[in-house]
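Let me begin by presenting the structure, written as structure tokens, before commenting on it.
Note that the coordinates shown come from a computational prediction; the quantities given were computed from them, not determined experimentally. Note: hydrogens, waters and symmetry copies are ignored here, and every other heavy atom, side chains too, is used. A, B, ... follow the sequence lines: proteins, then strands. Residue 1 opens every chain.
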Amino acid sequence: MSKPTLAKGYEPWDVEDKWETHWEKEKTFTPDADADGDPYSIVIPPPNVTGVLHMGHALNLTLQDILCRFHRQQGRNVLWVPGTDHAGIATQNVVERQLKEEGKTRDDLGREAFVERVWQWKQEKGDHILNQIRRMGASVDWTREAFTFDDQRAKAVREVFVKLFEDGLIYKGDYIINWCNRCHTALADDEVEHENKPGNLWHIKYPLADGSGELIVATTRPETMLGDTAIAVNPEDDRFSHLIGKKAILPLVGRELTIIGDTYVDVEFGTGCLKVTPAHDMNDWELGRKHDLEVLAVFDDAGYVNENAPEKYQGVYKDDARGVIVKDLEAEGFLVEVADHEHSVGVCYRCKSVIEPHVSTQWFVSMKPLAEKARAAVPDKTQIHPEHWTKTYYNWLDEIRDWCISRQIWWGHRIPAWTCEDCGELIVSIDDPTKCTCGSANLVQDEDVLDTWFSSALWPFSTLGWPDDTKELAKYYPTSCLVTGFDILFFWVARMMMMGLQFMDEVPFHDVYIHALVRDEKGKKMSKSTGNVIDPLDMIEKYGADALRFTLTSFAAMGRDIKLSEQRIEGYKHFMNKIWNAARFSLMNLPETIPAVDLNDCEGLANKWILSRLEEVKQTAKEATEAYRFNEIAQSLYKFVWSEFCDWYLEMVKPALYGEDEAAKAQTQKVLWTVLSEVLVLLHPVTPFITQEIWSVLPRPEGDDRSEDIATLPFPDMRPGLCDKEAEARMELFMGVVSGVRNIRTELVIEPAKKLDLLVKTASETDRELLEGNLNLIQSLARLENVTLGPDVEGPKASGSTVVQGNEIYVPLEGVVDFESELARLDKNIAKIEKTKGGVAKKLSNPGFLNNAPAEVVEKEKEKLAEMDEDLAKLNELKERLSSIMG
RNA sequence: GGGCGGUUAGCUCAGUUGGGAGAGCAUCGGCCUUACAAGCCGAGGGUCGCAGGUUCGAGCCCUGCACCGCCCA
């Protein structure tokens, strides 16, 4: 039989596929809701079924997975619920585009057939994104997968709708809403994006009805004048206040408009006169309500001028109407001026076409009462991290307006409301009604469907089986943490808070972690049209999921943007390879059964040092994860593995591993195995695949019957007894001496292979003992022949030299050394210390510092100064010795 | 107009109670030293955006300003 070995380089491809399949098949991440263990639960932000995995998802999934895997290690009963979102408008658009290619429209199919067609599409393409989640290594419970539009979620939606209606929190009515002509539906306020676009400000003359003069109004949308029902001026504006109550004539139409006074009018803007079109402008709508103005819609659902306008303009599309009207105004002498003006235009967040404010019958949720509770729950019951997002959350809730939840599309939860054709009664019911109270069976269901976010708002409890009384709900609600990007703080997070509080009487999650958005290396939003998308799946193909995950984790601390470039991922792929090779080396040097040695009895500087550092890195990783400092997890592990474990420890233990001293060998094998196996567990939440693969081939001590599945292992126990500050301090000296020699070698351009001698005039007996005890290591790491140590050692004048913590280092270089270079080198070191010393000396000469600073700080500064003085004196001495032989 | 965030090495960014400015990448020089050239060893590089203030002491706290970005109106 042969010991397991690893390939020379890490090849993620087969490894990832293998473990992904294993985990899902073995239901490794399916928790038992009846089992003990404090629950830890997360619901996934459900990606759109239309979507493909992008970097934002990749980051989002990575962070959640770190939390879930970490808390499993902590012994929690962890549930991570996966699922997708039916994305009403987006999905309907996709299928409509498909139909268009076949030369058909949704109306050709009819509602039922169309919805059937969308389901079919979802079946074929919609699960694509779920497979991409698998590729990321997300430790979700696939047995509890949910969809915002499946039967269980539909049940929840109906229940909520009916209850809110019965409580008077849902109402139906005619209001102005954001209308997308292209998607042919209403949108909620926050589904409208605002873009600044260059445009014009048209100044138009409105004659006064009594012929006494005229008013000039300024507008960015002259075509809406057809629907004007008033003119507004500021009552504090001396130019116009006397006109309030008088009438003006609407050009081209001839209608009389009342001139109203309202302080809303900005005296500075335009001409100070505002035309009021309540049917086609949000602000005008508000003015209209306040002043009881007529609401006259002049555009229909599709954006064409309707019968409320003069016949001449009827049937003209709104964009074309502008040109026609401006031309007529000009011809009739009403157009005074056309100025350039940049203004904010609302566009549909789904299709980017311009939004038309539009009056129509819609369903609304009354937000104020819900928002109050949601606001009060933060930060007492739910904490938002980073904390500064709390204010944004408050601002939004404070300015909240009622939520338009009806959509004029077909793909979505149909509103459970019926109208009796005979008596006009409105019936809202969980079960489809068959009869009206009047006895009529002539019931017609509302045509509209609900905003997708309505069902998303229920996600934290609907996914756990609500409204049924499930054990999942009892065990896992409220969830522990919600991880999401700030772009849906309003759309989603705030609404979940409202619904959770309303229906569960408890917040949906204890913590909200808001992460950055991923952008390209220039800070631009990744988009297909710009062509700057870095596809996570491409990156996984090229570098492996672990490298991608580690990259995203190490960047997770950044503010609002993560600027990602492929180069970075490649860099962390190198780290994966480093881990792999460290494991490969270990496997080559570990026996089939790890020796039973007590770690407390392990001797040797390297062993004591690395065990001490291991304790620290365990502590750091734990604290960083608990505090959501993801970058710190990555950074501390990176540094430990690469700069300490690989660069120093593995090099230092080679002699022991190769040597004849069986006791030292066994101890070292035990320590090597301990550090490697524990660091694998620490890395596992971030890089699950590579750690799993290595763990599965790593030998064990006798009696270690832990699972081969690293995902199920507990977080390593702390061993406070192994913290050894003394070993760390001694290691610092050791590394200083080795680095000092290496530095001399390189800077004096001595060939690396040449064996040199070393003499050290030691500063103390403990330092001498340390160096003496590790002579062979110093020799091998610094490539030395003879080493002489002692308090009275004197090196030859023709040496490369330096001082390390008071120890004078001499590398004799008779015939080799270039004195000029060595002199320059010494000068450089002296200058460096002088510079630092300057700052410290200045501090210590300041009476204010001596009097006010804590005694320990003063003491520390004094020690520093003394050390630097000592080193400087020695360096200057070395310099003089050298100068003396240079003549 | 209101709010939020950013400004630290050539690039991307860390820097958690204020106490000797860091990392990765890039650059330069030298190495195939039997885990790893996806690597090893070494080096250079910063008046921490500007101006004030608090303090014995400020990258960090306060005020103002500039520029960049995002959100809301």
Run E616(A) and K725(A) through salt bridge (Lys or Arg N to Asp or Glu O under 4.0 Å) and show every step you take. CA-CA 11 Å; E616(A) 285 171 3; K725(A) 286 291 163 202; 2.7 Å; yes
Quick one: does W13(A)'s side chain have a donor or acceptor within less than 3.5 Å of a partner on E541(A)'s backbone?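 Pair found, side chain donor or acceptor close to backbone of E541(A).
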From G20(B), C41(B), A35(B), nucleotide with atom closest to K578(A) side chain: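 So the nucleotide nearest the side chain must be A35(B).
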Among the nucleotides G39(B), C72(B), G20(B), whichever has the atom closest to the side chain of K860(A) is G20(B)
Measure distances between side-chain N and O atoms of K391(A) and base N and O atoms of C4(B), and say whether any donor-acceptor pair falls under 3.5 Å.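 No, no donor-acceptor pair under 3.5 Å.
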How close or far is atom [atom2] of [N] from atom [atom1] of [X], stated in whole angstroms?
{"X": "K832(A)", "N": "A21(B)", "atom1": "NZ", "atom2": "C1'", "value": "14 Å"}
{"X": "L650(A)", "N": "C41(B)", "atom1": "CG", "atom2": "P", "value": "12 Å"}
{"X": "R568(A)", "N": "A14(B)", "atom1": "CZ", "atom2": "P", "value": "11 Å"}
{"X": "Y543(A)", "N": "A38(B)", "atom1": "OH", "atom2": "P", "value": "13 Å"}
{"X": "I744(A)", "N": "A43(B)", "atom1": "CD1", "atom2": "P", "value": "12 Å"}
{"X": "E387(A)", "N": "G3(B)", "atom1": "CD", "atom2": "C1'", "value": "15 Å"}
{"X": "L676(A)", "N": "A35(B)", "atom1": "CG", "atom2": "P", "value": "16 Å"}

Select base, sugar-phosphate, or nothing to describe what E399(A) touches, counting heavy atoms under 4.0 Å on all strands. sugar-phosphate
Touch class at under 4.0 angstrom, heavy-atom based, for E863(A) against every strand present: nothing
Should we say atom CG of D14(A) is surrounded by more than 12 heavy atoms from elsewhere, each under 6.0 Å from it? no
Using the six-membered ring wherever Trp is involved, compare the ring planes of Y638(A) and F575(A) and label them parallel, tilted or perpendicular (cut-offs 30° and 60°). tilted
Can you name the atoms? Protein N/O to nucleotides 32-34 of chain B N/O, anything below 3.5 Å, with the distance.
residue : atom : partner : partner atom : Å
U33(B)  : O4'  : R783(A) : NH2          : 2.9

Side chains of N607(A) and Y649(A), donor plus acceptor under 3.5 Å: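 A pair is found: one side chain offers a donor N or O, the other an acceptor, under 3.5 Å apart.
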Interatomic spacing from CZ in F555(A) to OG1 in T551(A) - rounded to 0.5 Å: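 So the gap between those two atoms works out to 6.5 Å.
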